[in-house]
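A quick write-up on the structure given underneath.
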Amino acid sequence: MCIRFLKMIHNKCRNVVYPHSSIERFKVKDHQISWEVKYPEYKPINYTSEFILNEPWADPKIEDPCFEPNWNSLDGAVNRRSYMGDYVINEHGYPLNPVGRTGIAGRGDLGRWGPNHAADPIVTRWKRNNENMLVKDETTNKPILQFVAIQRKDCNEWALPGGMVDIGEKVSATLKREFMEEAMNLLGRSFSTRREVEESINLNFTNGIDIFKGYVDDPRNTDNAWIETVAQNFHDADNNTFGQLPLAAGDDACNVKWMNADSKICLYASHSLFIEKTVQIHDAHW
């Protein structure tokens with residue numbers, strides 16, 4: 001079962017100040033989000049971070065005469081297609097966020113104009129007691145699902161160990177790579193341990209269950225650049241594969257742990273929603 005949200009209102013990308021900056025977003029109320037709603041007063045600041053402008057892998061400015069992107073298609077090795085369908089290019093040549101206004105124009109901290117593709121692995125197991133028996137919640141009487149979560153260094157929020165799809169990279173490869181980098185910290189391990197972990201990941205990171213494919217309500221989104229992701233679930237029902245791996249936080253994380261899935265959790269971007277859908281598939285406590 002793959003969940004797509006065709007109609008949504010983004011909230012986290014309408015916060016007052018854009019992440020890692022002092023740039024304030026133009027105020028956008030819920031009924032003003034849609035581009036179809038007239039908002040003549042709307043004059044957002046156009047902001048792209050200096051960090052992005054200096055990165056060789058990032059898109060150049062729209063005004064660059066050498067920049068001729070093939071929107072809504074596979075542009076060489078760069079995927080400019082959206083899971084949400086074709087997006088609109090305005091009269092100035094800028095792609096428009098398919099969900100609507102965010103209060104800020106430009107690219108912000110994102111490398112690509114239009115969709116920036118990511119992948120989020122949801123690695124789960126059942127919570128068990130010392131006798132290896134399933135632990136059930138006292139209220140719902142359903143087993144408790146646990147998932148691997150990392151604490152991001154940039155905002156200290158807990159999140160799934162995902163990341164951006166590299167140019168020309170398959171999503172399946174991104175899912176494995178990000179999990180190994182963020183939750184296993186292979187670079188900080190001995191060669192023998194690293195090889196053992198890689199073999200286990202390669203063996204078990206197959207046949208993931210599609211949980212979500214589409215737009216993410218990420219605080220980095222702008223009017224002209226946004227995050228889209230594929231979230232897949234890899235479940236260790238018997239706690240003898242992923243459940244036995246030694247977790248260790250990678251470079252972009254300050255902590256990593258098995259977290260109980262519960263309706264009270266608050267995760268980065270749309271990650272709580274992904275966990276809720278995963279819980280529904282496994283008929284677990286929520």
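Just the heavy atoms: all of them, side chains too, but no hydrogens, waters or symmetry mates, feed the values below.
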Give the minimum heavy-atom separation between [X] and [Y], together with the two atoms involved.
X	Y	result
Gly100	Trp35	CA-NE1, 3.4 Å
Gly106	Trp113	C-CZ3, 3.7 Å
Asn260	Gln146	OD1-NE2, 2.9 Å
Gly85	Asn72	O-OD1, 4.2 Å
Phe234	Asn204	CD2-O, 4.1 Å
Ala269	Val216	CB-CG1, 3.8 Å

So, [X] side chain and [Y] main chain: donor-acceptor pair closer than 3.5 Å or not?
X	Y	answer
Asn116	Gly114	yes
Gln244	Asn239	yes
Asp236	Asn240	yes
Asn221	Ile227	yes
Asn97	Thr222	yes

Roughly how far, to the nearest 0.5 Å, is the [atom2] atom of [Y] from the [atom1] atom of [X]?
X	Y	atom1	atom2	result
Thr124	His235	OG1	NE2	5.0 Å
Met84	Lys213	CE	NZ	13.0 Å
Met180	Asn202	CE	CG	6.0 Å
Tyr42	Arg101	OH	CZ	7.0 Å
Leu110	Trp226	CG	CH2	10.5 Å
Arg125	His282	CZ	NE2	14.0 Å

Item to check | Under the side chain to side chain donor-acceptor pair (under 3.5 Å) test, residues paired with Thr278 that sit two or more places apart | outcome: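 Checked Thr278 against side chain to side chain donor-acceptor pair (under 3.5 Å); zero matches.
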- Query: For Arg128, which residues count as a side chain to side chain donor-acceptor pair (under 3.5 Å) partner, sequence neighbours excluded?
  - Reply: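 Applying side chain to side chain donor-acceptor pair (under 3.5 Å) to Arg128 gives none.
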query: How would you list all residue pairs meeting ring pair (Phe, Tyr, Trp, His ring centres under 6.0 Å) that involve residues 243-270, not counting sequence neighbours?
result: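 Every pair satisfying ring pair (Phe, Tyr, Trp, His ring centres under 6.0 Å) with a residue in residues 243-270: Tyr268-His271.
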Is there side-chain contact between Phe67 and Lys61, with at least one heavy-atom pair below 4.5 Å?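 No; the side chains remain at least 4.5 Å from each other.
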**Request:** Indicate yes or no: at least one non-hydrogen side-chain atom of Pro69 is less than 4.5 angstrom from one of Asp59.
**Result:**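 No, every pair of side-chain atoms sits at 4.5 Å or beyond.
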Worksheet item: Do Arg80 and Asn70 get their side chains close enough for a donor-acceptor pair, meaning under 3.5 Å?
Response: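 No.
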Q: Classify the side-chain pair Ser270/Asp217 by whether it contains a donor and acceptor separated by less than 3.5 Å.
A: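 The criterion, which ignores hydrogens and geometry beyond distance, is not satisfied for Asp217 and Ser270.
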Determine, step by step, whether Trp286 and Glu276 satisfy the side chain to side chain contact (heavy atoms under 4.5 Å, CB included) criterion, reporting the C-alpha distance in whole Å, the side-chain angles of both residues, the deciding distance to 0.1 Å, and the verdict. CA-CA 7 Å; Trp286 185 251; Glu276 181 180 2; 3.6 Å; yes
- All salt bridge (charged side-chain N to carboxylate O under 4.0 Å, His left out) counterparts of Arg220, not counting sequence neighbours: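 Checked Arg220 against salt bridge (charged side-chain N to carboxylate O under 4.0 Å, His left out); matches are Asp218.
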Should the pair [X]-[Y] be classified as a salt bridge under the 4.0 Å nitrogen-to-oxygen rule?
X	Y	answer
Lys153	Asp252	no
Arg14	Asp30	yes
Asp75	Arg112	no

Checklist entry - By side chain to side chain contact (heavy atoms under 4.5 Å, CB included), which residues pair with Leu74, not counting sequence neighbours? => result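 Asn79, Arg81.
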Hey, is [atom1] on [X] packed in by over 12 heavy atoms from elsewhere, all under 6.0 Å?
X	atom1	value
Asn207	CG	no
Glu63	CD	yes
Lys12	NZ	yes

* Can Asp251 and Glu181 be said to form a side chain to side chain contact (heavy atoms under 4.5 Å, CB included), step by step? -> CA-CA 8 Å; Asp251 288 343; Glu181 290 178 359; over 6 Å; no
What class does the angle between the rings of Trp71 and Tyr87 fall in, given that below 30° is parallel, 30 to 60° is tilted and above 60° is perpendicular?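 Ring orientation, 0 to 90° scale: perpendicular.
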ask   = Under 30°, 30 to 60°, or over 60°: which ring-plane class applies to His10 and Tyr215, parallel, tilted or perpendicular?
value =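 Aromatic pair His10/Tyr215 classed tilted.
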Exercise for review: Could you go through the side chain to side chain contact (heavy atoms under 4.5 Å, CB included) check for Arg25 and Thr102 one step at a time?
Suggested key: CA-CA 7 Å; Arg25 294 180 183 267; Thr102 66; 3.4 Å; yes
Could you see if [X] belongs to whatever hydrophobic cluster contains [Y]? Use Ile, Leu, Val, Met, Phe, Trp, Tyr and a side-chain cutoff under 4.5 Å.
X	Y	answer
Phe51	Ile45	no
Ile209	Phe147	yes
Leu247	Leu175	yes
Ile265	Ile281	yes
Val88	Ile33	yes

Query raised in the report: For Ile122, which of Leu145, Val148, Ile275 qualifies under side chain to side chain contact (heavy atoms under 4.5 Å, CB included)?
Result: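 Looking at Leu145, Val148, Ile275, the match for Ile122 under the side chain to side chain contact (heavy atoms under 4.5 Å, CB included) is Ile275.
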Fill in: Test side chain to side chain contact (heavy atoms under 4.5 Å, CB included) applied to Arg107 and Asn224, Asp223, Leu53, the passing residue
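Answer after filtering Asn224, Asp223, Leu53: Leu53.
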Please list every donor-acceptor pair under 3.5 Å in which a side-chain atom of residues 155-166 meets a protein atom from a residue at least two apart or in another chain.
none

Exercise for the section: Starting from the C-alpha separation in whole Å, work towards a yes-or-no answer on side chain to side chain donor-acceptor pair (under 3.5 Å) for Asp120 and Thr229. Expected result: CA-CA 7 Å; Asp120 291 301; Thr229 197; 2.8 Å; yes
Under 6.0 Å between ring centres, would you say that holds for Phe205 and Phe242?
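Here the rings of Phe242 and Phe205 have centres that are less than 6.0 Å from each other.
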